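Note sheet for the following structure.
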Amino acid sequence: NRLVIGTEADAAANTPKIELARRRILSVRSAANVETFACRWQDRPELLRRCDIVIGCVDGFAVRRTARNPRS
């Protein structure tokens with residue numbers, strides 16, 4: 001119920017949320033340059049330095065707190 005961009009076929013295929021987001025962005029703006037990285041942002045922080053927009057899709061409150069304040 002929290003993932004309105006996924007279809008029944010996506011659920012059956014266990015399509016990752018990152019792929020659903022990429023697909024949705026491209027459906028709105030086909031010329032968008034969308035790069036996805038299926039990893040923790042902490043594992044590749046250098047990638048964030050060259051981004052114009054970052055979409056965080058975390059599933060827990062502890063991770064959300066860390067994302068807001070990486071030094072905690």
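All of these numbers come straight from a predicted model, not from anything done at the bench. Along the sequence shown, residues are numbered consecutively beginning with 1. Just so it is clear, the values below take in all heavy atoms, side chains as well, and ignore hydrogens, waters and symmetry mates.
- Classification of Lys17 and Glu19 as a salt-bridged pair fails, no side-chain N sitting under 4.0 Å from a carboxylate O.
- Partners of Glu35 by salt bridge (charged side-chain N to carboxylate O under 4.0 Å, His left out), not counting sequence neighbours, listed by chain and number: Arg50.
- Scored by the side chain to side chain contact (heavy atoms under 4.5 Å, CB included) test, Leu48 finds Trp41, Val54 as partners (sequence neighbours excluded).
- Under the side-chain hydrogen bond (donor to acceptor under 3.5 Å, both in side chains) criterion, Arg49 pairs with no residue at all, not counting sequence neighbours.
- Nearest heavy-atom pair across Val34 and Leu26 is CG2-CD2, 3.9 Å.
- Contact between Gly6 and Leu20 at its shortest, heavy atoms only, is CA-CD1, 3.9 Å.
- Annotation: salt bridge (Lys or Arg N to Asp or Glu O under 4.0 Å) contacts involving residues 23-34, sequence neighbours excluded, comprise Asp10-Arg23.
- Scored by the salt bridge (charged side-chain N to carboxylate O under 4.0 Å, His left out) test, Asp43 finds Arg40 as partners (sequence neighbours excluded).
- Separating the CD1 atom in Ile25 from the OG1 atom in Thr36 is a distance of 9.5 Å, to the nearest 0.5 Å.
- When hydrophobic side chains of Ile, Leu, Val, Met, Phe, Trp and Tyr are connected at separations under 4.5 Å, Phe37 ends up clustered with Leu47.
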